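Note that this is a predicted model, so its numbers are computed, not measured. A note on names: the letters A, B, ... follow the listed sequences, proteins ahead of strands, and every chain is numbered from 1.
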Amino acid sequence: DVKVTQSSRYLVKRTGEKVFLECVQDMDHENMFWYRQDPGLGLRLIYFSYDVKMKEKGDIPEGYSVSREKKERFSLILESASTNQTSMYLCASSFGDISYEQYFGPGTRLTVT
Amino acid sequence: AQSVTQLDSQVPVFEEAPVELRCNYSSSVSVYLFWYVQYPNQGLQLLLKYLSGSTLVESINGFEAEFNKSQTSFHLRKPSVHISDTAEYFCAVSGLNAGNMLTFGGGTRLMVKP
């Protein structure tokens with residue numbers, strides 16, 4: 001079974017803190033994605049990566065950065081957390097072609113106070 | 001660019017009743033279409049997908065969806081729901097020139113009551 005794991009299920013941080021969210025997949029997938037999920041808005045793509053050290057902006061990259069130093073690991077970084085970044089963050093991975101499904105992790109619920 | 005509209009944010013239904021979750025999309029290019037399901041406290045799982053060929057696609061647990069190009073819709077149906085179908089359902093689209101990027105709808109929460 002494909003497994004995508006995320007470092008934390010729940011996280012509480014203070015405004016202005018630097019936050020790291022980690023994602024690891026075990027199926028040698030080329031593509032990895034970070035989404036945020038908000039009620040009524042569905043999932044919105046923050047960043048994705050199609051190879052090691054490669055990254056592309058999604059629909060809402062402002063306030064976020066990413067790092068992919070190894071194929072299996074994709075990190076999302078909030079340089080200075082703000083309350084409007086309180087959300088559920090989902091990581092996903094897939095093979096190269098769009099016809100392959102995206103596999104999702106369980107999510108990290110981040111609260112910024 | 002693509003966009004997806006799920007017309008109902010919540011759908012309450014009694015067990016063993018039929019259900020339809022509506023999804024409409026807009027795109028200037030040909031698309032691939034997907035339905036994902038999110039059970040409580042879990043990540044999303046692929047339910048079914050349309051890539052090409054037959055416009056009617058089915059899942060292993062009795063759901064089906066039909067791609068209607070003229071109406072730009074991809075509605076999800078099940079003739080008889082179970083309590084275990086209670087979940088949030090997301091419709092997603094990818095344009096053929098959009099690489100691996102998916103655009104998701106806002107989600108529909110299906111609530112099956114005994």
What pairs of donor and acceptor atoms, side-chain ones from residues 104-114 of chain B against any protein atom, are under 3.5 angstrom apart with sequence neighbours left out?
unit_1, atom_1, unit_2, atom_2, d
Thr108(B), OG1, Gln6(B), NE2, 3.2
Thr108(B), OG1, Asp8(B), O, 2.6
Arg109(B), NH2, Glu88(B), OE1, 3.0

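Proximity to chain B is limited to the side chain of Arg9(A), based on heavy atoms less than 4.5 angstrom apart. In this structure, chain B has heavy atoms under 4.5 Å from both the backbone and the side chain of Leu43(A). Using a 4.5 Å cut-off between heavy atoms, Gln37(A) touches chain B through its side chain atoms alone.
Of the listed residues (Trp35(B), Phe63(B), Phe34(B)), just one forms a ring-ring contact (aromatic ring centres under 6.0 Å, His included) with Tyr89(B), and that residue is Phe63(B).
Annotation: Arg44(A), atom CZ; neighbour count of heavy atoms from other residues, nucleotides and ligands within 6.0 Å is above 12.
When only modelled atom types and interatomic distance are considered, Glu16(B) and Ser80(B) share no side-chain donor-acceptor pair under 3.5 Å.
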